[in-house]
There are 2 protein chains.
Amino acid sequence: MDARILIEVLQKNGHRVTKARSALLSILDKKHSPLSAMELQKLLERKGIIVNKTTIYREIDFLIAQNIIHSVALGDEATRYELSSRDHHHHIQCTSCGNVVDLPLNNELKEIEKQITRGTGYMIEKHALEFFGLCKNCQK
Amino acid sequence: MDARILIEVLQKNGHRVTKARSALLSILDKKHSPLSAMELQKLLERKGIIVNKTTIYREIDFLIAQNIIHSVALGDEATRYELSSRDHHHHIQCTSCGNVVDLPLNNELKEIEKQITRGTGYMIEKHALEFFGLCKNCQK
DNA sequence: CTAAGTGCAAATAATTTGCAGGAAG
DNA sequence: CTTCCTGCAAATTATTTGCACTTAG
């Protein structure tokens with residue numbers, strides 16, 4: 001249970017473990033695709049945990065500050081978030097239904113990043129690689 | 001002049017060529033990094049062309065519909081736009097000053113896209129690959 | 001002329017913030 | 001208890017839309 005370990009770490013570091021906080025971690029741990037603030041709120045609701053949207057945003061800020069989650073920008077309405085403890089991966093979003101799926105890829109980009117640093121002097125910290133297309137269902 | 005050609009095409013297709021429209025095209029043609037709605041408005045202003053922000057957004061919609069520009073999502077405040085007629089490329093944004101630079105890269109992703117299609121059944125239409133890091137200046 | 005372009009004010013939508021009350025440790 | 005968490009309402013920011021007016025062709 002990734003979520004359990006994260007909760008332990010939070011406790012060890014003197015952070016409070018609220019119902020919403022631990023439920024969010026277990027939701028993020030189970031769902032293998034990035035979730036928006038609204039989606040997180042709804043998934044909490046299904047567990048019987050009703051919180052204000054403000055709380056969701058503050059919880060997101062907190063978890064980002066703890067390096068537990070990070071944002072994923074796909075260019076549509078809302079920012080999504082996912083656990084940072086996952087192996088590095090990318091996403092593909094269906095341009096019709098909007099569904100997002102994780103894509104396990106190897107580090108094809110390491111060499112490219114070195115090239116870029118050589119060419120531009122930038123000290124690269126991270127990258128975002130997202131794919132877009134029609135999922136099987138929407139091809140019909 | 002890329003902008004000139006685009007203007008001719010618009011005229012040929014029966015679209016009007018307003019001061020703002022042609023100025024936007026020449027601005028986008030010159031600036032080799034994606035621009036936000038607000039930046040576009042300000043750059044027009046510097047040319048003495050004062051337009052409402054609404055006009056900027058409507059012009060962006062129009063140019064996207066004409067396949068002349070497309071959006072670039074970097075995950076911060078605003079969406080940026082750039083000419084589609086440019087060779088396919090990517091960007092790197094400084095995580096400190098926010099500056100965005102174009103990166104000419106070859107099609108390293110073609111093979112990866114084929115893999116993804118084989119593995120997931122998605123019919124891939126496009127991808128977004130952005131890099132983030134510290135620019136030379138901000139490393140000091 | 002006449003459809004397309006434009007400004008302005010108001011509407012949305014995502015996210016942020018101030019403040020006062022409530023709960024975790 | 002005391003700091004952190006939370007709700008609520010109001011503020012902010014990016015973008016959209018309705019309506020009446022203006023202009024390019």
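Letters A, B, ... mirror the listed sequences (proteins, then strands); counts begin at 1.
The shortest side-chain heavy-atom distance between B:Tyr81 and B:Pro34 does not fall under the 4.5 Å cut-off. You'll find the side chain of A:Leu25 stays beyond 4.5 Å of the side chain of A:Asp2, heavy atoms only.
Side-chain proximity of A:Val17 to D:dA14, D:dT6, C:dG25: nearest is C:dG25. Here the side chain of A:Arg58 is nearest to one of C:dA14, C:dG5, C:dG18, namely C:dG18. Taking the side chain of A:Thr54 as heavy atoms from C-beta on, and the options D:dG25, C:dG5, D:dA9, the nearest nucleotide is D:dA9. Residue A:Arg21 has its side chain nearest to D:dC5 when only D:dT17, C:dG5, D:dC5 are considered. Candidate nucleotides D:dT15, C:dT15, D:dT6 were compared by shortest atom distance to the side chain of A:Ala20, and D:dT6 ranks first.
Taking the six-membered ring where tryptophan is involved, the planes of A:His127 and A:His90 are essentially parallel, since the angle between them stays under 30° and well short of 60°. Ring orientation note: the planes of B:His15 and B:Phe62 are nearly perpendicular, at an angle over 60° on the 30°/60° scale.
The nearest whole Å value for the distance from the CG atom in A:Asn52 to the C1' atom in D:dC5 is 12 Å. Taking atom CD on B:Glu59 and atom P on D:dA24, their separation rounds to 13 Å, with Å as the unit. The interatomic distance linking B:Asp76 (CG) with C:dA14 (P) rounds to 18 Å, in whole Å. Note: CZ (A:Phe62) to P (C:dT15) measures 20 Å, nearest angstrom. Across the protein-nucleic acid pair, A:Leu44 atom CG and D:dC5 atom P stand 15 Å apart, rounded to whole Å. The interatomic distance linking B:Met38 (CE) with D:dT12 (C1') rounds to 12 Å, in whole Å. What separates OH of A:Tyr57 from C1' of D:dA11 is a distance of 15 Å, to the nearest Å. Note: CD (A:Gln11) to P (D:dC4) measures 16 Å, nearest angstrom.
At the phosphate of D:dT15, OP1 or OP2 sits under 4.0 Å from a side-chain N or O atom of B:Thr79. Contact between the side-chain N/O atoms of A:Thr18 and the OP1/OP2 oxygens of D:dC4 is not found at any separation under 4.0 Å.
The residue A:Ile60 sits apart from the nucleic acid: no heavy atom pair falls under 4.0 Å. Among the heavy atoms of the strands, none lies under 4.0 Å from B:Ile56.
Both B:Tyr81 and A:Ile50 lie near DNA chain D, and the one whose nearest nucleotide falls closer to the 5' end is A:Ile50.
Between the side chain of A:Arg16 and the base of D:dC4, a donor-acceptor pair under 3.5 Å is found.
At a threshold of 4.5 Å between side-chain heavy atoms, the hydrophobic network of Ile, Leu, Val, Met, Phe, Trp and Tyr places B:Phe132 and B:Leu109 in two separate groups.
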